[in-house]
Amino acid sequence: MEGGNILEEVRLRFAPSPTGYLHIGGLRTALYNYLFAKHNNGKMILRIEDTDRTRFVEGAIENLIESLRWAGIKYDEGVFVEDGKIVQRGDHGPYIQSERLDIYKKYVDELIEKGDAYYCFCSKERLDKVREEQKIKGLIPKYDGFCRSLSLEEARERIANGEEYVVRLKLPPNRDIKFEDIIRGPITINTNDIDDQVLLKSDGYPTYHMAVVVDDHLMGITHIVRGEEWLPSTPKHVYLYEVLGWEKPIYVHLPTVLNKDRKKLSKRHGDVSVEDFRRKGYLPEGLINYLALVGWSPEDNEEIFTMEELIEKFSFDRVSKTGGIFDIEKLNWVNGHHIRRYDLDKLTNLCIPYLKEAGFVDDKFVEESFDWIKKMVETVQESLSNLSEIAEKVDIFFNNKVKPENEEALAMLKEEHVPSILKAFREELEQVEEIDEEFAKGIMRKIQKSTGVKGKKLFMPTRIALTGNSHGPELVSIIYLLGKENIISRLDYVEENYL
RNA sequence: GGCCCCAUGGUCAAGCGGUUAAGACACCGCCCUUUCACGGCGGUAACCCGGGUUCGAGUCCCGGUGGGGUCACCA
């Protein structure tokens, strides 16, 4: 179990904190981890970093996992949900950090033994005070090393007396720590610019810095792919690998996904959780495809990809260094592509919840008229950029009290030749029991013949009489989907109210 | 403020010493469609600034400027 780096296969991990929902930026990090792992026939691990008990949110783990599942990120190892229960699978567990406390303790003790870490008894109050004073003097807020030279004997005595303590990393002064980032190249940071980081908190939990290093090593992680906000603390990790005598992994710091104002994507500017996008009717295929493109570009000029294609094409040397703005317009365009290529049955099933929510259909209707709904979805499929738009696109099919959308539309209905069109329409309808596709295709031609009206003067008023709108799906589809009864009802209503 | 990272059209981005500086989204035209959408064609629009290096810099180096990140017993 020790020394995971003898493993030859590529092993990557996504390690979120269960503090809420999966963030769009987090999804992209998970995606890049996944794409790289799968591209190299490696493994991807999901680890839960819950060392901050104060921020733990009930249900967050389940939520995170559900979002990943929905997005199609099929990790191999770690934490899963089965039958509503959290389970763990893999040979390097546990994969939930709060279940690994004794492991961290062991390495913290080792560091103390070797003099690479020390006990610190400074109170929060003292620390705050020190920082405040430093700020006033214009200095960098940093731990002042008050407990750094405490003897081990004295420290142990104080602990035995029940004093609260933390363990801090003992960084050597003025030393350049160097490491290589796959995306950014060589990076050097001097230890004078970093704090003696707390490794073990007073509640016995490790901090992120201790836990990542121990876990990534023990779990045999070969590549650490994470957001660039971690870049400044990487030297602490590098130093830990060094004093622990472990081989450090390969670092890959991803550019940030930004808001329109070039700040890190945040809730203030709209939706940021994967769940939000799911609810709005984005397909996992669309979201994933778009997200892959924020920060990475393929060699060719293609832009529409399936997950499989992304896996095949992905590489870190085509990931950019610059943060990219999350552009909802482009997401819409990408998502629209995926909607258009979606299987119609699947798409229909995905649309039904939105139709129910709008009050257009209920369970009974869905059961009896699935094919009709499917046909309706098909007529608007190409115009959708996300599923929630379905309601506004098809509302014309569900209300026989036709209302012209504006003055212009009303004016077109009031033109003097319109009554003759509607009359001809009725006459044609009387010829059949019910409208079939054949009939729907031919009716306008017949009306044209009998009334002598053609072109826009024929089609526009008919469209408006039937839907109230001057634009929408093909008239043939509208006529077919509406059916005889609805059409007659609409003609009645229009004649009574607008002519 | 210290440290770190970054810098090509409004946005995503290609480019890796010699190009008329790709492509996509958005926008604007035109075509297709007797509407809309889809699709097709075309157009507007970019190398942050200043020094070097070089026969030659968007591309390499240095310095500015700008933006972002980070400086917790949060991750």
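Below, each value reflects all heavy atoms present in this structure, side chains not excepted, and no hydrogens, waters or symmetry copies. Each chain gets a letter, A, B and so on, in the order the sequences are listed, and its residues count up from 1.
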Would you measure the distance from the [atom1] atom in [N] across to the matching atom in [M] and give it in whole Å?
| N | M | atom1 | answer |
| --- | --- | --- | --- |
| B/C71 | B/C25 | P | 39 Å |
| B/C27 | B/G64 | C1' | 35 Å |
| B/U44 | B/A21 | P | 14 Å |
| B/A14 | B/U19 | C1' | 12 Å |
| B/U8 | B/C47 | P | 11 Å |
| B/A37 | B/C31 | P | 14 Å |
| B/A45 | B/G23 | P | 14 Å |
| B/C48 | B/G67 | P | 15 Å |

Those residues that, when tested against A/Tyr282, pass ring pair (Phe, Tyr, Trp, His ring centres under 6.0 Å) (two or more places apart): A/Phe277

Answer with base, sugar-phosphate or nothing: what part of the nucleic acid does [X] contact at a heavy-atom distance below 4.0 Å?
| X | answer |
| --- | --- |
| A/Lys457 | nothing |
| A/Arg226 | nothing |
| A/Thr19 | nothing |
| A/Gly336 | nothing |
| A/Arg341 | nothing |

Minimum heavy-atom distance between A/Tyr498 and A/Val402, given as atom pair plus value: OH-O, 2.8 Å

Which heavy-atom pair separates A/Ile96 from A/Asp50 by the least distance, and what is that distance? CG2-OD2, 3.3 Å

Under 3.5 Å, is there a donor-acceptor pair between the [X] and [Y] side chains?
| X | Y | answer |
| --- | --- | --- |
| A/Thr234 | A/His253 | yes |
| A/Gln381 | A/Tyr342 | no |
| A/Thr207 | A/Arg168 | no |
| A/Asp196 | A/Tyr118 | yes |
| A/Tyr104 | A/Asp215 | yes |
| A/Asn469 | A/Glu405 | yes |

Identify whether the distance between the nearest side-chain nitrogen and carboxylate oxygen of A/Lys106 and A/Asp102 falls below 4.0 Å. no

Using a 3.5 Å limit for the pairing distances, which stems of at least 3 consecutive Watson-Crick or G-U wobble pairs does RNA chain B take part in? B:1-7 with B:65-71, B:10-12 with B:23-25, B:27-31 with B:39-43, B:48-52 with B:60-64

Between the side chain of A/Thr451 and the main-chain N/O of A/Ile447, is any donor-acceptor distance below 3.5 Å? yes

Taking A/Asn174's backbone N and O only, do any of them form a donor-acceptor pair with A/Thr191's side chain (distance below 3.5 Å, no angle check)? yes

May I have the distance from [X] (atom [atom1]) to [N] (atom [atom2]), rounded to whole angstrom?
| X | N | atom1 | atom2 | result |
| --- | --- | --- | --- | --- |
| A/Arg55 | B/C73 | CZ | C1' | 13 Å |
| A/Leu331 | B/A24 | CG | P | 19 Å |
| A/Glu303 | B/A26 | CD | P | 11 Å |
| A/Leu258 | B/G10 | CG | P | 17 Å |
| A/Asp261 | B/G69 | CG | C1' | 14 Å |
| A/Glu329 | B/C25 | CD | C1' | 8 Å |
| A/Tyr290 | B/A26 | OH | P | 12 Å |
| A/Ile159 | B/C73 | CD1 | P | 17 Å |

Of A/Ser320 and A/Thr54, the one whose closest nucleotide on RNA chain B sits nearer the 5' end is A/Ser320

Start at the 5' end of RNA chain B and walk down; is the nucleotide closest to A/Trp296 or to A/Val166 reached first? A/Trp296

Distance to the ring centre below 6.0 angstrom and angle to the axis at most 45 degrees; does that hold for A/Arg47 and A/Phe14? no

Taking the six-membered ring of A/Phe121 (Phe, Tyr or Trp), confirm whether the NZ or CZ of A/Arg158 is under 6.0 Å from its centre and within 45° of its axis. yes

[X] side chain N/O closer than 4.0 Å to the phosphate oxygens (OP1, OP2) of [N]?
| X | N | result |
| --- | --- | --- |
| A/Thr256 | B/G68 | no |
| A/Arg318 | B/G15 | yes |
| A/Arg262 | B/C12 | yes |

Side-chain touch A/Tyr251/A/Glu180, heavy atoms, less than 4.5 angstrom: no

At under 4.0 Å between heavy atoms, how does the protein contact nucleotides 27-46 of chain B? Give one character per nucleotide, 5' to 3', with B, S or -. -------BBBBSS-------

Distances under 3.5 Å between protein N/O atoms and the N/O atoms of nucleotides 2-8 of chain B, please, pair by pair.
residue : atom : partner  : partner atom : Å
B/C5    : O2'  : A/Arg184 : NH1          : 2.6

Residues within residues 44-52 of chain A bordering RNA chain B, heavy-atom distance below 4.0 Å: A/Glu49, A/Thr51, A/Asp52

A/Lys201 side chain: which of B/G69, B/U11, B/A75 is closest? B/A75

Counting only side-chain heavy atoms from C-beta out, which of B/C73, B/A13, B/G69 sits nearest to A/Glu229? B/G69

Run the numbers on A/Arg184 and A/Glu228 for salt bridge (Lys or Arg N to Asp or Glu O under 4.0 Å), then give the verdict. CA-CA 10 Å; A/Arg184 279 148 230 284; A/Glu228 69 175 329; 3.3 Å; yes

Please state whether the base of B/A24 and the side chain of A/Lys330 form at least one donor-acceptor pair under 3.5 Å? yes

For residues 451-464 of chain A, pull every pair meeting salt bridge (Lys or Arg N to Asp or Glu O under 4.0 Å), keeping only residues two or more places apart or in separate chains. A/Glu415-A/Lys457

